[in-house]
Protein chains: 2
Amino acid sequence: MRADARRNLDKIVTAAAAVVAERGIEAPMEVIARRAGVGVGTLYRRFPDRNALIAALGDHYVHSLADALRRSEENVPDAWTALREHLTWTVDPGRGALASAMAELPDEVFLDRPDFARARGHWLEMLDALVHRAQAEGAMRPDVTTEEVLALLNLFACHPADLPAAVAARPARFLRLILDGLQATAATEPPTAPA
Amino acid sequence: MRADARRNLDKIVTAAAAVVAERGIEAPMEVIARRAGVGVGTLYRRFPDRNALIAALGDHYVHSLADALRRSEENVPDAWTALREHLTWTVDPGRGALASAMAELPDEVFLDRPDFARARGHWLEMLDALVHRAQAEGAMRPDVTTEEVLALLNLFACHPADLPAAVAARPARFLRLILDGLQATAATEPPTAPA
DNA sequence: CCCTAAGCGGAAGGCTAGATTCCGGTTGTC
DNA sequence: GACAACCGGAATCTAGCCTTCCGCTTAGGG
């Protein structure tokens, strides 16, 4: 592969991640190309269709998800805090709707990409384990399932353009509000200080 | 207005409310017409453009919102419970994305419809008062603004199709999870019983 | 330095989905 | 019974994207 071609490939992936984070998984191919400073033709030469591009992105993203989760678990002793830290990472602007993109992924994307599916499954398992641990440690209300936590997370993840402006502006703040409600008791840690 | 015309008008408004609740404010006109058992032509004769239809719906909805809020305040002594009851009403399936529709409303819709704007403002004021009262009563964390409560509510209100399936299936459950986090202390009322 | 194949950009063509118009055929109402 | 008000929905028009294609450019081996 020629040097300039590789350069462009990188630019495309970077741009695609950004655009998908901002506009969701259905962002027009042309917007991505333009953002990468490249013609649509170049984009299509590299990725025969949208799914190929999304899969490339997803592969990337899912791995960093798993890494981030592992990192949180290592740095933070208690499960609840680790969970909160990880979810906050997830919601970071710039990562934006990527999590959503992963959630929305049509099945076709996974066909012929077992590695991707596996990596995603791995992350889900780790998350599930963390939730259970947090509950076992008594830091998290026990009547909430991992699936529900994910659903709550995905609330942030509908098409970015449709998010309430306030939430889009300060996702971490709102995530925090929501997570506070998942604690076993607010007494353990009183709500963030009164204004 | 001929009797059959009036009948159709009613059918259209009813159908539109249902469809908008399900598919959001941008639901195709034809879907609405079909649901009303009417041709598109009839729809357009009655409402020259989408905004006219939405405004009619909004007018309706905003008044029932205000009524519902007033009712909650009357039936329930403490502000926090009243607030929770009202928000739950809002999120009821069948009302679905109507609240969202109201949130997304482009400004044009309000032009030449000062009554509508006023009614909407009135509801917002009542809600704000209720929030302040709940906080004064010590039942709600004081660092949360009414605007934030609305944003949280609107999280349910992005295009219904984009909602995480789990949330769409049990909106009240998720609203409850979120609202629990807004309480002053979980100690006041422990989280819903362990599974 | 030159030649050639790899690369490139973006105009052109095609498609889908939905908005809107229009008019021949119906149906209340007086 | 006559006529104006109403209907339904086919036909038309748009807008927004996807995807292909091809003439021009450029990296990089010889």
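All chains are named by letter (A, B, ...) in the order of the sequence lines, taking the proteins before the strands, and each is independently numbered beginning at 1.
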Exercise for review: Give a yes or no on whether a salt bridge exists between Arg133(B) and Glu73(B), defined as a side-chain N under 4.0 angstrom from a carboxylate O.
Suggested key: yes
Study note, to complete from the structure: Each nucleotide of nucleotides 15-21 of chain D classed B (base within 4.0 Å of a protein heavy atom), S (only sugar-phosphate) or -, in 5' to 3' order, makes --SSBB-
**Study point:** Pair Arg113(B) + Asp59(B), salt bridge at N-O below 4.0 Å
**Key:** no
Check your understanding: How long is the line joining CG of Leu9(A) and P of dG7(C), in whole Å?
Key -> 11 Å
Point to revise | Rounded distance (Å) that lies between atom C1' of dA10(D) and atom CZ of Arg34(B) | key: 12 Å
Practice item. Using atom CG of Leu43(B) as one end and atom P of dC22(C) as the other, report the distance to the nearest whole Å. Key: 17 Å
Review point. Given atom NZ of Lys11(A) and atom C1' of dG9(C), what is their separation to the nearest angstrom?
Key: 12 Å
Review point. Counting any heavy atom closer than 4.0 Å, what does Arg46(B) reach on the DNA or RNA strands: base, sugar-phosphate only, or nothing?
Key: sugar-phosphate
Review point. Taking OP1 and OP2 of dG8(D), is either one under 4.0 Å from a side-chain nitrogen or oxygen of Thr42(B)?
Key: yes
Exercise for review: Starting at atom CD1 of Ile32(B), determine the distance to atom P of dA19(C), rounded to an integer number of angstrom.
Suggested key: 8 Å
Check your understanding: Does a side-chain N or O from Asn8(B) land closer than 4.0 Å to OP1 or OP2 of dC7(D), or not?
Key -> yes
Exercise for review: Taking atom CZ of Arg70(B) as the centre, report whether more than 12 heavy atoms of other residues, nucleotides or ligands fall under 6.0 Å from it.
Suggested key: yes
**Study point:** Nearest-angstrom distance from the residue atom CZ of Arg2(B) to C1' of dC7(D)
**Key:** 9 Å
